[in-house]
**Student:** 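Quick one: the structure is below, and I'll ask about it shortly.
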Amino acid sequence: AVQPFNEIPGQWRNSVANLYMFWRMDGLRNIHRIMLHNFNKYGPIYREKVGYYESVNIIKPEDAAVLFKAEGHYPKRLRVEAWTSYRDYRNRKYGVLLKDGEDWKSNRIVLNKEVISPKVQGTFAPLLDEVSQDFVARVYKKIERSGQNEWTTDLSHELFKFALESVSHVLYGERLGLLLDYIDPDAQHFIDCITLMFKTTTPMLYVPPALLRHTGAKVWKDHVEAWDGIFNQADRCIQTIYRQLRKNPDAGEKYPGVLASLLMLDKLSIEDIKASITELMAGGVDTTSITLLWTLYELARHPDLQEEIRAEISAARISSKGDVVQMLKMVPLLKGTLKETLRLHPVAVSLQRYITEDIVLQNYHIPAGTLVQLGLYAMGRNHRIFPHPEQYRPSRWLRTQSHYFRSLGFGFGPRQCLGRRIAENEMQIFLIHMLENFRFEKQRQVEAKSTFELILLPEKPIILTIKPL
Ligand code: HEM
Ligand code: 2DC
């Protein structure tokens with residue numbers, strides 16, 4: 001017989017004690033490890049209440065399949081109150097990230113066509129290719145300047161600039177020039193604001209932002225300052241394109257970028273377009289750059305694998321005669337590499353949905369309306385789901401075994417990551433160029449750990465050595 005909801009194991013009756021335990025375990029930065037611990041303690045399903053939100057947590061691919069079948073027509077994930085509070089406070093519209101219901105759906109359908117449909121892949125690839133080539137040139141310059149025929153560095157800051165340059169090229173059809181020696185202080189400020197925005201979001205997952213706002217808490221003030229910086233910079237970029245478009249409405253056959261396409265399409269209000277473009281610009285920086293950093297870190301620890309992927313790339317380069325779009329169809333191991341990075345180092349600790357119908361998970365009844373979280377980080381490290389999970393092995397993603405609800409780094413279904421295709425193309429093209437030109441090495445073989453600052457980040461800087469091939 002199916003067991004009742006109230007029988008699900010876990011510490012959910014006493015939310016205050018739970019919050020206290022959380023503080024003691026430095027839970028804010030450790031959510032991913034706490035989830036891992038909880039699955040070990042309670043098994044593949046548990047209920048919890050931390051602060052003001054309650055959820056059922058699951059880990060198995062079969063359960064993920066049941067969850068996503070019950071997400072309804074307007075899938076809804078955990079609402080990040082800090083983000084909606086800021087917009088309410090400043091009277092700004094929600095973009096696709098924060099909208100729900102019919103409003104979300106109608107915006108998302110229009111955005112899908114311009115951002116994630118197969119139609120735009122061929123359009124984005126050359127823009128992304130150009131940025132990656134400039135990045136390679138910049139690395140050569142750094143190597144030359146070091147005078148040692150190698151460059152040892154924490155690449156994260158360079159990768160942030162690379163990611164912002166890439167996503168901006170696609171959104172605005174223009175280069176910002178972030179890979180030059182002189183960097184625009186406004187662009188650097190934008191990058192810093194995103195990091196601060198993520199960092200200040202975490203505490204507000206557990207304490208209502210409204211409370212912090214009325215008590216004048218520093219974290220709320222910092223959060224507002226961070227979003228202000230993000231919106232101001234995005235507004236400037238958007239204004240520039242908007243003015244150009246009004247002066248010169250049909251400027252040739254060159255692809256004008258996602259923003260100009262949306263403006264010309266005239267299916268969304270200007271305010272809706274601005275809101276979603278800002279979210280895409282902000283969402284396009286830390287996500288891909290950190291995933292690339294983790295990938296280079298893993299490749300530096302696995303020199304043989306590095307060679308194997310390099311061989312795949314050069315074969316693809318030859319048979320595609322250098323056409324990027326064609327090339328991307330011939331690099332399964334490289335694609336597996338990015339999946340393997342997201343398995344061990346996911347950007348998002350969990351995926352969440354409010355289910356719209358009653359379901360059964362692990363033989364427990366779960367009523368409609370419940371927030372169900374799939375522990376993505378925990379799933380990636382579970383030995384029943386991934387044999388030898390501690391081993392970084394991209395070949396596990398080649399077509400030999402079932403990947404049923406196992407590759408979920410970008411989420412699932414109609415509410416999955418809107419930037420997914422941009423991110424995948426950007427990261428694949430980056431790795432193609434970097435592996436064609438350089439070898440990556442790592443000094444000490446100490447394991448780099450993650451810390452939670454809304455997204456998962458390396459706890460300490462990752463220092464890599466880059467050498468020309
Ligand atoms: C949503 C991951 C890069 C923009 C999401 C979600 C995940 C995710 C897990 C939630 C999906 C769900 O609930 O099913 C990632 C990863 C990235 C990445 C792993 C890179 C490695 C990007 C980029 C952009 C972006 C480059 C912008 C260009 C968004 C937006 C949403 C989203 C706008 C909200 C979509 C909606 O609610 O309809 N992402 N993301 N992401 N992501 Fe990404
Ligand atoms: C964080 O418990 C942990 O892609 C919470 O590009 C649940 C939660 C809810 C929403 C998730 C968030 C987590 C991690 C960061 C995500 C976010 C949805 C979108 C966002 C996954 C798992 C992200 C990074 C977007 C951010 C765009 C923004 C900067 C405009």
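As the structure lists them, so they are numbered: ligands from 1, and atoms in each ligand from 1. None of these values were measured; they are calculated from a predicted model.
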**Student:** What is the ring orientation for Tyr206 with Tyr53, classed by angle as parallel under 30°, tilted 30 to 60°, or perpendicular over 60°?
**Tutor:**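 Ring orientation of Tyr206 relative to Tyr53: parallel.
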**Student:** So, Phe231 versus Tyr86, ring centres under 6.0 angstrom or not?
**Tutor:**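 Yes.
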**Student:** Taking atom 11 (C) of ligand 1 as the point of reference, which of Met281, Arg353, Arg415, Lys105 owns the nearest heavy atom?
**Tutor:**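 Answer by nearest heavy atom: Arg415.
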**Student:** Within the 4.0 Å heavy-atom shell around Val167, which atoms of ligand 1 are there?
**Tutor:**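 So the atoms of ligand 1 that pass are 28 (C).
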**Student:** Going by the atom numbers of ligand 1, which of them fall below 4.0 Å from some non-hydrogen atom of Val96?
**Tutor:**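 Ligand 1 atoms under the 4.0 Å threshold to Val96: 36 (C), 37 (O), 38 (O).
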**Student:** Sequence neighbours excluded, which residues qualify as side chain to side chain donor-acceptor pair (under 3.5 Å) partners of Tyr392?
**Tutor:**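 Applying side chain to side chain donor-acceptor pair (under 3.5 Å) to Tyr392 gives Thr341.
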**Student:** Taking the six-membered ring for Trp and the full ring for Phe, Tyr or His, determine whether the centres of Tyr89 and Trp227 are under 6.0 Å apart.
**Tutor:**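 Ring centroids of Tyr89 and Trp227 are no less than 6.0 Å from each other.
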**Student:** Please identify which atoms of ligand 1 are closer than 4.0 Å to at least one heavy atom of Phe412.
**Tutor:**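 Matching atoms, with element in brackets: 14 (O).
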**Student:** For ligand 1, which part of Trp104 has a heavy atom less than 4.0 Å away: the side chain, the backbone, both, or neither?
**Tutor:**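 For Trp104, the contact with ligand 1 is made by the side chain alone.
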**Student:** Quick test of your reading of the structure: of Gly409, Gly284, Gly413, whose heavy atom lies closest to atom 26 (C) of ligand 1?
**Tutor:**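 Residue with the shortest heavy-atom distance to the ligand atom: Gly284.
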**Student:** At a cut-off of 2.8 Å, what protein N/O/S atoms sit near atom 43 (Fe) of ligand 1?
**Tutor:**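 As for protein N, O or S atoms lying under 2.8 Å from atom 43 (Fe) of ligand 1, they are Cys417 SG.
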**Student:** Can you tell me the protein heavy atom closest to atom 21 (C) of ligand 1 and the distance?
**Tutor:**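 For this ligand atom, the closest protein heavy atom is Thr291 OG1, 3.3 Å.
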**Student:** Check whether any heavy atom of Gln416 sits under 4.0 Å from an atom of ligand 1.
**Tutor:**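 Checking ligand 1 against Gln416, which is what was asked, there is a heavy-atom contact under 4.0 Å.
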**Student:** What donor-acceptor contacts under 3.5 angstrom involve side-chain atoms of residues 256-270, with partners at least two apart or in another chain?
**Tutor:**
residue	atom	partner	partner atom	Å
Ser261	OG	Gly257	O	2.8
Ser269	OG	Asp272	N	3.1

**Student:** Please give the N or O to N or O pairs under 3.5 Å between ligand 2 and the protein, distances rounded to 0.1 Å.
**Tutor:**
residue	atom	partner	partner atom	Å
ligand 2	2 (O)	Tyr53	OH	3.3

**Student:** Of the protein's non-hydrogen atoms, which lies at the shortest distance from atom 27 (C) of ligand 1, and what is that distance?
**Tutor:**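 Nearest protein contact, heavy atoms only, for atom 27 (C) of ligand 1 is Leu280 O, 3.3 Å.
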**Student:** Can you tell me which residue and heavy atom of the protein come closest to atom 38 (O) of ligand 1, and the distance to 0.1 Å?
**Tutor:**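 Sorting protein heavy atoms by distance from atom 38 (O) of ligand 1 puts Arg108 NH1, 2.7 Å first.
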